[in-house]
Amino acid sequence: MDDFSPERSFEEGVRRAARDALGVDPAAIPLTWPPSASHGDLATPLCFELARAARKPPRALAEALVARYEPAGGVARVEVAGGGYVNAFFDRDACLSRWLLGPPVPASPAGGPKTIVEHTNINPNKAAHIGHLRNAVLGDTLVRCLKRLGERVEVQNYIDDTGVQVADLVVGFRVLRNEEIADVLDRYSEERLHERGDRFDYVAWNLYAEVTRFFEEDSSRLSHRSDTLHAMERGDNPVADLAAHLARRMVRHHLATMERIGVRYDVLPRESDILAMRFWEDAFRQLREAGAVRRIEEGRNAGCWVMDLPGVEEGSGEDQKIIVRSNGTVTYVGKDIAYQLWKFGLLARDFRYEPFDWSPGPAIYEVWSTTRGPDASSRPAFGRGDRVYNVIDARQSYLQRVVAHGLRSLGHEREAGRSVHFSYEMVALTPAAVAALFPDHPLSDAERARPYLEMSGRRGLGVRADDLVDALIRRAADEVRKRNPGLDGARVQETARRIAVGALRYYMLRFSRNRVVAFDLDDALAFEGETGPYLQYSVVRARNILAKMEERLGESGTGGGLPPSAGFGTLEPGTADEHWNLALLLSRVPGVLRQAVDSLELSGVAKHAYVLAQAFNSFYHRYPVVQEPDERRRATRAALAHLYHDGMVRLLGTMGIEVPDRM
RNA sequence: GCGCCUGUAGCUCAGGGGAUAGAGCAGCGGCCUUCUAAGCCGCGGGUCGGGGGUUCGACUCCCUCCAGGCGCGCCA
């Protein structure tokens with residue numbers, strides 16, 4: 001596949017014409033999409049920009065430019081429009097023929113620079129909720145888009161297995177439930193829980209909320225927490241082993257939940273291993289030697305090591321961050337700096353790795369975990385990224401800034417610049433949703449007046465991820481059975497699963513990232529309108545057309561490209577634009593993906609897919625394909641259906657949405 | 001107090017300095033003997049939070065004010 005691109009051809013043509021006709025060499029050719037096909041396929045407002053310096057009206061410049069433009073490479077002609085736009089019209093038949101040959105395969109250099117995406121990062125002490133789903137869907141979609149653009153990507157899911165939250169769960173089992181450690185392992189084994197119709201992460205969900213209340217009722221009980229934390233820190237004792245066990249079991253659940261929606265990871269770095277491998281020692285030494293941290297001798301923070309943040313107003317509270325506490329222990333952000341250094345290969349140490357232990361259940365897929373045991377003899381290389389995306393919600397912006405500053409103050413300017421915080425807003429619940437889902441939860445008047453309420457694991461306020469997925473699957477399965485009587489159970493389930501995942505992932509992607517998602521159950525469960533199933537359905541329709549073309553007419557409808565007799569000229573007068581629009585929108589997909597990744601605004605991908613599906617559904621409704629008597633028209637339309645089908649399957653693939661065989 | 005984010009149709013949201021500000025939902029009215037109606041077509045609905053500025057041109061950039069959210073821990 002060569003690099004056929006009318007867009008680039010237009011860009012170069014305009015550049016050449018600008019030089020020849022106007023004597024200017026613009027740094028960049030601004031491109032814009034005309035509002036409708038009748039205006040053209042691509043446009044540049046370049047002449048508006050040049051008008052001032054040239055002291056001539058934009059339209060005159062545009063006319064001069066157009067006169068010298070030499071059409072080539074898929075651009076059929078250009079014309080002046082409006083007050084000075086230069087609009088390009090593509091050679092439609094030539095474009096369609098080339099596009100039918102399939103997309104260029106991006107070269108994926110096996111040893112080239114690697115991009116690391118860290119996402120999900122759920123505390124391993126309770127079930128995943130819909131806020132985690134937004135994180136995972138955004139992260140996974142970013143990964144898929146990067147791969148589609150030809151990048152080598154490593155997916156990391158950081159496991160904070162040493163924190164207070166895990167300790168609290170240990171306290172819950174040992175103190176609140178008054179269980180012996182051996183009994184916890186037995187009575188709360190996956191098997192025993194299953195017999196009772198329960199599951200481990202759901203037990204933990206409730207227990208965690210209970211423990212929070214337990215502490216609130218009597219703060220002296222917090223000694224249980226600190227005792228547990230100390231035991232976990234010491235290691236090699238039954239309490240520490242229990243904590244490790246609980247965390248691992250929870251991670252297993254999180255991985256299983258995410259697997260349901262098509263999200264996987266390459267490696268699970270554990271915080272306990274960051275400590276065990278003494279990453280912090282090396283990072284701290286580097287920070288001290290570079291003078292990036294300093295010890296405070298007096299005042300409130302006496303005895304602490306802090307990092308000063310330049311450009312932040314003094315006294316704002318954000319100008320100085322404690323990295324090492326007065327008792328000598330490192331804070332979360334300190335560990336994060338060490339971890340970030342490791343991701344770029346800037347640490348003198350590495351983890352050791354082993355395949356993740358999926359027991360007591362079967363392995364779902366191969367994923368690596370860091371370990372304190374021996375390093376696997378044969379394994380992929382992890383870390384040493386060229387660029388790092390941290391998918392973390394906007395509430396952590398400050399800490400992410402501290403981490404980037406840490407890199408910068410060590411002289412790693414390049415890495416700090418390539419240390420990207422993929423920030424997004426949280427998923428929250430409306431007061432109405434809280435009242436409906438948690439009837440026992442009292443809401444104050446102030447809370448009721450708020451636009452939304454944060455979910456809270458500590459209060460057990462939240463919609464669990466698997467509950468939502470289950471509800472989506474049930475609803476989808478009902479609909480599938482209704483529409484496809486006689487379809488066997490396994491196929492109903494698989495179809496329903498794909499629809500559910502499509503609905504969920506689209507819902508999580510359709511909002512721009514800086515918008516708080518006030519979760520609405522009815523919207524999330526919708527299958528009509530701007531939803532994932534709408535997109536999937538349009539592809540199923542295209543597939544049906546192609547299948548019937550083979551079945552009834554024995555016409556492949558395309559695989560071999562556009563038949564010579566076919567083309568847009570064969571269509572009824574006045575309908576060509578609408579047909580062409582489908583191909584044109586598909587041709588813009590690579591640009592849309594690039595733009596989405598560069599801006600981290602993945603909602604653009606979702607939106608474009610939706611606009612495409614709308615265009616196809618309109619086409620489908622108005623223009624018969626299989627029923628079309630004119631052979632040339634039939635072939636042209638089948639070619640478009642084929643192009644749409646393949647292009648849309650790939651585009652949905654970048655969002656992790658699979659298309660069912662039927663719906 | 002300081003910083004970041006948000007404010008567009010009844011509701012939920014798109015909108016790359018550029019052409020007539022668009023979708024979905026909800027409402028109303030049509031379209032299933034055709035390739036699946038999870039669909040299509042139509043109607044109604046807008047001081048783009050207010051005010052200033054930059055620009056040939058501002059929903060978009062800058063300033064300011066208002067309203068709401070988040071952050072600013074020796075928690076993670």
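So that the names make sense, note that chain A is the first sequence line, chain B the second, and so on, each numbered from 1.
Counting non-hydrogen atoms under 4.0 angstrom, A:P57 reaches nothing in the nucleic acid. Across all strands shown, A:A302 has heavy atoms under 4.0 Å from base atoms, whether or not it also approaches the sugar-phosphate. Contact annotation for A:N87: base contact, defined as any heavy-atom pair under 4.0 Å involving a base atom. Among the atoms of the strands shown, base atoms are found under 4.0 Å from some heavy atom of A:V480. Heavy atoms of A:Q536 sit nowhere under 4.0 angstrom from any nucleic acid atom. Among the atoms of the strands shown, none is found under 4.0 Å from any heavy atom of A:T32. No engagement by A:D522 is indicated, since no non-hydrogen atom pair under 4.0 Å with the nucleic acid exists. Base engagement by A:P624 is indicated by at least one non-hydrogen atom pair under 4.0 Å involving a base atom. Across all strands shown, A:Y506 has no heavy atoms under 4.0 Å from either base or sugar-phosphate atoms. Residue-level contact check: A:N544 touches the bases, meaning some heavy atom is under 4.0 Å from a base atom. A:A428 comes within contact range of no nucleotide atom at all, as no heavy-atom separation falls under 4.0 Å. Using a 4.0 Å heavy-atom cutoff across all strands shown, A:V333 reaches no nucleic acid atom at all. Contact annotation for A:E528: backbone-only contact, meaning every heavy-atom pair under 4.0 Å involves sugar-phosphate atoms and none involves a base.
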Quick tally for nucleotides 5-14 of chain B: nucleotides whose base has a protein heavy atom under 4.0 Å get B, sugar-phosphate-only ones S, the rest -, giving SSS----SSS
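Among B:C56, B:A38, B:A19, the nucleotide with an atom closest to any side-chain atom of A:F48 is B:C56. Picking from B:C35, B:C70, B:A19 the nucleotide with the shortest atom distance to the side chain of A:P35 gives B:A19. With distances taken from any side-chain atom of A:V164 to the nucleotides B:C41, B:G39, B:C75, the minimum falls on B:C75. Minimum atom distance to the side chain of A:K548 is reached by B:C35, of the listed B:A76, B:C35, B:A37. Taking only side-chain atoms of A:Q627, from C-beta outward, the nucleotide of B:A76, B:A38, B:C35 with the closest atom is B:C35. Comparing B:A76, B:G39, B:A19 by their nearest atom to the side chain of A:N123 picks out B:A76. Distances were taken from every side-chain heavy atom of A:M663 (C-beta onward) to each of B:C35, B:C70, B:A38; the shortest belongs to B:A38. Closest contact between the side chain of A:Q396 and the listed nucleotides B:G69, B:A76, B:C35 involves B:A76. Set against B:G68, B:A76, B:A37, the side chain of A:R483 has B:A37 as its closest nucleotide. Set against B:A19, B:G39, B:G24, the side chain of A:Q614 has B:G24 as its closest nucleotide.
Minimum heavy-atom separation, A:A204 to A:M250: CB-CE, 3.5 Å.
Counting to the nearest Å, the C1' atom of B:G71 and the CE atom of A:M426 are 11 Å from each other. When the P atom of B:A76 is taken as reference, atom CG of A:L399 falls 10 Å away, rounded to whole Å. Atom-to-atom, OH of A:Y610 to P of B:C25 comes out at 6 Å; the value is rounded to the nearest Å. When the C1' atom of B:G39 is taken as reference, atom CD of A:E479 falls 13 Å away, rounded to whole Å. Put simply, CG on A:N301 is 10 Å from C1' on B:G73, counting in whole angstrom units. Rounded to an integer number of Å, the gap from A:R622 CZ to B:C35 C1' is 17 Å. Rounded to whole Å, the distance from CD1 on A:I323 to C1' on B:G73 is 13 Å.
B:C32 shows a glycosidic angle within 90° of 0 and is accordingly assigned syn.
Toward the 5′ end of RNA chain B lies the nearest nucleotide of A:I499, the other residue of the pair A:I499 and A:E454 mapping further downstream. Each of A:H621 and A:V625 was assigned the nucleotide of RNA chain B with the nearest heavy atom; the assignment lying further toward the 5' end belongs to A:V625.
In this structure, B:C40 forms a base pair with B:G30, meeting either the Watson-Crick or the G-U wobble geometry with both donor-acceptor distances under 3.5 Å. When Watson-Crick and G-U wobble pairs are counted only if both distances are under 3.5 Å, B:U47 pairs with no nucleotide at all. With both pairing distances under 3.5 Å, B:C72 is matched to B:G1 as a Watson-Crick or G-U wobble pair. Of all nucleotides present, only B:G10 satisfies the Watson-Crick or G-U wobble test against B:C25, with each distance under 3.5 Å.
Remark: the A:S397 side chain and the B:C4 base include no donor-acceptor N/O pair separated by less than 3.5 Å.
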List the steps and the verdict of side-chain hydrogen bond (donor to acceptor under 3.5 Å, both in side chains) for A:N390 and A:Q396.
CA-CA 11 Å; A:N390 295 326; A:Q396 304 228 38; over 6 Å; no
Please test A:H129 against A:H132 for ring-ring contact (aromatic ring centres under 6.0 Å, His included), starting from the C-alpha separation and ending with a verdict. CA-CA 5 Å; A:H129 60 57; A:H132 303 123; 3.8 Å; yes
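Spacing between B:G57 and B:A14 at atom P, rounded to whole Å, works out to 29 Å. Comparing B:G10 with B:G69, their P atoms are spaced 23 Å from each other, to the whole Å.
For A:E298, the CD atom sits in a loose shell: 12 or fewer heavy atoms of surrounding residues, nucleotides or ligands are nearer than 6.0 Å. More than 12 heavy atoms of other residues, nucleotides or ligands lie within 6.0 Å of CZ in A:R448, so this atom counts as buried by the packing criterion.
Contact annotation: the side chain of A:R134 approaches that of A:L138 to within less than 4.5 Å [non-hydrogen atoms, C-beta and beyond]. Between A:W33 and A:L584, the closest side-chain pair of non-hydrogen atoms is not below 4.5 Å. With contacts defined as side-chain heavy-atom distances shorter than 4.5 Å, the pair A:E447/A:V434 does not qualify.
Legend: residues meeting side-chain hydrogen bond (donor to acceptor under 3.5 Å, both in side chains) with A:N135, ordered by chain and number and at least two apart, are A:Y424.
Judged by distance alone, the side chain of A:H254 and the main-chain N or O of A:K126 form a donor-acceptor pair under 3.5 Å.
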